[in-house]
Number of protein chains: 2
Amino acid sequence: MDKELDIFIDFLRERNLKLTSQREDILKVFLKIDKHLSVEELYDIVKKKNPRIGQATVFRTLKLLREAGFAGEVNLGDRCIRYEYKYGHKHHDHLICIECGRCIEVVDPKIEELQQILCKREGFSPQKHKMEIFGLCKACRKGSRKAK
Amino acid sequence: MDKELDIFIDFLRERNLKLTSQREDILKVFLKIDKHLSVEELYDIVKKKNPRIGQATVFRTLKLLREAGFAGEVNLGDRCIRYEYKYGHKHHDHLICIECGRCIEVVDPKIEELQQILCKREGFSPQKHKMEIFGLCKACRKGSRKAK
DNA sequence: CACCTAATTGATTTTGAATTTCAATATCAA
DNA sequence: TTGATATTGAAATTCAAAATCAATTAGGTG
């Protein structure tokens, strides 16, 4: 979407950064894919669109996208940092299947509210939070029952 | 404590693993320290007690302690895996100060309950979860106010 | 106790993601 | 167009995590 691109351009200008074709390409791919991607996975996809882009640029641009509020870090239990598209998406938490890796996005307003209260009680000023529940998804529960 | 050691010995025997002085030393230090330690930090401490122990052994033993239910992984936002002592400790979540790194352990039974309900709604069978709230602790809030 | 086998150790190496370096290149305001 | 400055990408570096392997050790068995 051009709206996102405009926002990104504004963000860059505010910081005296430049819009390059690489940054534009990476942003577009990142927006379109809308999955939890590692730097390398995103790099592999971006490469198809523009083979001259280097890994370092993807890495650095992803960092920019994070700072611009487009990308958020996710930890899916594998040993690498993953990024998800954030802008325009509401905050959500993750249910992660330890069997098949599937990731269900959820929100519970009551939990969010209780978190605020919890923080207030501790004199803590929250900025962001992560909640990840690991377990078996519906499909894998059935699968493992069969295995027994 | 000897109770923990006994449990560890049982765990080892069940798996046809052997109790070694290294494993015993590492367990004891880990139990005593009771902080969120990285492999390397634990190694540095263990080395003082027994300088002949190698990093690899600490790494491997920590993995065992995790499997035995003594240690749990924690992610404090720095880029390494930390372990905390779990056995006999109740489950808890973390408020992590992004300014001073302090880590407050908290539990909210209502949140825990809502998590269960949330999972049930999704047909998800939870095994463990992590909730981490990042922000400013009481002390750092005051500090940053002064800074302005 | 001595033997024997399988597990363990630790120095070292390897891996792999995250990050930095730096000379060449591109952007964009004037 | 120009020039100061930001950016790029190949390559190098960093660093924790994990694997390798010959030497050592635990602990069951006779």
Side-chain angles (χ1 to χ4, degrees), chain A residues 5-6 8-27 29 36-68 71-83, chain B residues 5-6 8-29 36-68 71-84:
Chain A
L5 184 58
D6 286 344
F8 190 46
I9 291 172
D10 283 348
F11 167 82
L12 293 174
R13 211 186 313 254
E14 269 173 32
R15 298 189 165 211
N16 281 331
L17 302 176
K18 292 166 181 171
L19 177 67
T20 62
S21 63
Q22 289 92 331
R23 285 177 177 169
E24 197 176 329
D25 285 345
I26 292 167
L27 173 63
V29 170
H36 302 103
L37 295 171
S38 66
V39 173
E40 219 182 326
E41 287 167 355
L42 181 58
Y43 168 61
D44 285 340
I45 300 170
V46 166
K47 220 166 34 180
K48 285 175 197 161
K49 187 186 177 99
N50 181 349
R52 315 169 108 264
I53 290 181
Q55 223 171 0
T57 301
V58 175
F59 168 75
R60 286 180 291 225
T61 303
L62 221 28
K63 215 168 171 177
L64 279 180
L65 293 180
R66 201 177 52 198
E67 289 166 22
E73 285 188 19
V74 193
N75 182 273
L76 256 48
D78 49 359
R79 298 252 174 273
C80 69
I81 302 170
R82 292 178 173 283
Y83 296 87
Chain B
L5 184 57
D6 286 343
F8 190 45
I9 291 172
D10 283 347
F11 168 81
L12 293 174
R13 211 186 313 255
E14 270 174 31
R15 298 189 167 212
N16 282 329
L17 302 177
K18 292 167 182 174
L19 178 68
T20 62
S21 62
Q22 289 93 333
R23 284 177 178 170
E24 197 175 330
D25 285 345
I26 293 168
L27 173 62
K28 282 181 179 167
V29 170
H36 302 103
L37 295 172
S38 66
V39 173
E40 216 179 329
E41 286 167 355
L42 181 58
Y43 169 61
D44 285 340
I45 300 170
V46 166
K47 220 166 36 181
K48 286 177 195 157
K49 187 186 178 99
N50 181 347
R52 316 169 106 263
I53 289 181
Q55 221 172 2
T57 302
V58 175
F59 170 75
R60 285 180 292 223
T61 304
L62 220 29
K63 216 168 171 177
L64 278 180
L65 292 180
R66 200 177 54 196
E67 288 167 21
E73 286 189 18
V74 194
N75 183 270
L76 256 50
D78 50 1
R79 297 251 173 274
C80 69
I81 302 171
R82 294 179 172 280
Y83 295 87
E84 65 177 357

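All chains are named by letter (A, B, ...) in the order of the sequence lines, taking the proteins before the strands, and each is independently numbered beginning at 1.
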Report summary line: Residues at least two apart in sequence or cross-chain that pass salt bridge (Lys or Arg N to Asp or Glu O under 4.0 Å) with B/K47, listed by chain then number, are B/D44
Requested in this report: Quick one: list whatever passes side-chain contact (heavy atoms from CB on, under 4.5 Å) with B/D10, sequence neighbours left out.
Outcome: none
Report task. Using the test side-chain contact (heavy atoms from CB on, under 4.5 Å), find all partners of B/N75 that sit at least two apart in sequence or belong to another chain. Result ->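 So B/N75 forms a side-chain contact (heavy atoms from CB on, under 4.5 Å) with B/E132.
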To the nearest 0.5 Å, how far apart are [atom1] in [X] and [atom2] in [Y]?
X     : Y     : atom1 : atom2 : value
A/D25 : A/R52 : CG    : CZ    : 12.0 Å
A/C80 : A/E41 : SG    : CD    : 6.5 Å
A/I53 : A/N50 : CD1   : CG    : 4.0 Å

Quick one: side chains of residues 14-22 of chain A, donor-acceptor pairs under 3.5 Å with protein atoms, not counting sequence neighbours, listed by atom name and distance.
| residue | atom | partner | partner atom | Å |
| --- | --- | --- | --- | --- |
| A/R15 | NH1 | A/E67 | OE1 | 2.7 |
| A/T20 | OG1 | A/R23 | N | 3.2 |

Query raised in the report: What is the 5' to 3' range of DNA chain D, first to last nucleotide, that sits under 4.0 Å from any heavy atom of chain B?
Result: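 Counting from the 5' end, contacts occupy D/dA16 to D/dG27.
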**Report entry** Interatomic distance where CZ belongs to B/R52 and P belongs to C/dT8 [whole Å]
**Finding:**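 In whole Å, C/dT8 P and B/R52 CZ are 19 Å from each other.
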Report task. Measure from CG on B/N50 to C1' on C/dG10 and round the result to the nearest Å. Result ->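 From B/N50 CG to C/dG10 C1': 12 Å.
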Requested in this report: Hey, could you give me each pair passing salt bridge (charged side-chain N to carboxylate O under 4.0 Å, His left out) that has a residue in residues 71-81 of chain A? Not counting sequence neighbours.
Outcome: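 For residues 71-81 of chain A: A/R66-A/E73, A/E73-B/R79, A/D78-A/R82, A/R79-B/E73.
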Report task. Check B/F8 against B/A68 and note the closest heavy-atom contact, atom names and distance. Result ->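 Heavy-atom minimum between the residues: CD1-CB, 4.4 Å.
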Report task. Write down the atom of A/Y43, the atom of A/G54, and the distance for their closest heavy-atom approach. Result ->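 Heavy atoms only, the tightest pair is CE1-C, 3.7 Å.
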Report task. Let me have a per-nucleotide readout for nucleotides 22-30 of chain C, 5' to 3', with B, S or -, counting only protein heavy atoms under 4.0 Å. Result -> -----BS--
Query - Terminal helix-axis angle for the helix from C/dC1-D/dG30 to C/dA30-D/dT1, with five pairs defining each axis and rounding to 10 degrees - result: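 Nearest ten degrees gives 30° for this helix.
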For residues 57-64 of chain A, run the donor-acceptor check on the side chains, cut-off 3.5 Å, and write out each pair with its distance to 0.1 Å, sequence neighbours left out.
| residue | atom | partner | partner atom | Å |
| --- | --- | --- | --- | --- |
| A/R60 | NE | A/A56 | O | 3.4 |
| A/T61 | OG1 | A/T57 | O | 2.7 |

Query raised in the report: Can you check whether B/V39 reaches B/I81 side chain to side chain, under 4.5 Å on heavy atoms?
Result: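 Sidechains of B/I81 and B/V39: no contact.
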Pairs under 3.5 Å (N/O, protein and nucleotides 14-19 of chain C):
| residue | atom | partner | partner atom | Å |
| --- | --- | --- | --- | --- |
| C/dA17 | OP2 | A/E40 | OE1 | 2.8 |
| C/dA18 | OP1 | A/I81 | N | 3.1 |
| C/dT19 | OP1 | B/R79 | NE | 3.2 |

